[in-house]
Amino acid sequence: MVQEAESLGANAVVNVRFSTSSVAQGAAELFAYGTAVTVE
Amino acid sequence: MDPFMEMSVQFGLPLTLLVLAFFTGSALERRHYASIRERELRWRSLPAVTFRSVPPGWKVSECALVTGSVVISVDYFKRFLSGLRMIFGGRVKAYETLLDRARREALLRLKEDAVERGCHAVVNVRLETCRMANARNSERIAGLEVLAFGTGVKLLNPP
């Protein structure tokens, strides 16, 4: 997430949320998302 | 039946399926990514953000719930790869690209829904992933659903 935000030219990510779900037998997904912003 | 015939029946079909799934799967993936990139550029001016409410200064005239949903299934080749991965553990890259595609597609459908309703932005966006179990055998999965939802807002002073 931080890498993607940096590639967009942002310098902060706000209102981050975490979510997990089991995608298959024995495999789980951890997922973080938020809004990339440029703080002036 | 001679042993060669028996071997080819036992391993021939799964092997053919693997090769077929690998080529069609990667061709479809490449085509999907091309479509995703093109549409992401098109809807770049419509922000979809995780803010709980609209930023100060925005005058909202109307709002509506907007959604975008995708159901995906894992191909034979990726299932085989993840099966191997399950032995040693670690990151399942085959699933990562699949989920990345699904999530971006869900967000694009959310934006397309917002555009259809005449919204200028989407706030409080959330993403959910859910596993759909196979009805006959709950151990096996029938597919994954990725749902994106948020509040589409129509503005009096669109940016």
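Here is how names work: the chains are called A, B, and so on, in the same order as the sequence lines, proteins then strands, and each is numbered from 1. Quantities reported herein were computed from a predicted structural model and do not represent experimental measurements.
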Item to check | Selection from B:Glu96, B:Met86, B:Arg85, B:Arg126 maximising heavy-atom pairs under 4.5 Å formed with chain A | outcome: B:Arg126
Checklist entry - For the residue pair B:Arg101 and B:His32, what are the closest heavy atoms and their distance? => result NE-ND1, 2.9 Å
Checklist entry - Less than 4.0 Å between a side-chain N and a carboxylate O, is that true for B:Asp113 and B:Arg109? => result no
Next on the checklist: Is it true that, when you exclude A:Phe31 itself, more than 12 heavy atoms of the residues, nucleotides or ligands shown sit nearer than 6.0 Å to its CZ?
Outcome noted: yes
Next on the checklist: Please classify the contact between A:Val16 and chain B as side chain, backbone, both or neither, with a heavy-atom cut-off of under 4.5 Å.
Outcome noted: neither
Item to check | Other residues, nucleotides, ligands: >12 heavy atoms within 6.0 Å of A:Glu4 CD | outcome: no
Next on the checklist: Report which part of B:Arg103 has an atom under 4.5 Å of a heavy atom belonging to chain A: side chain, backbone, both, or neither.
Outcome noted: side chain
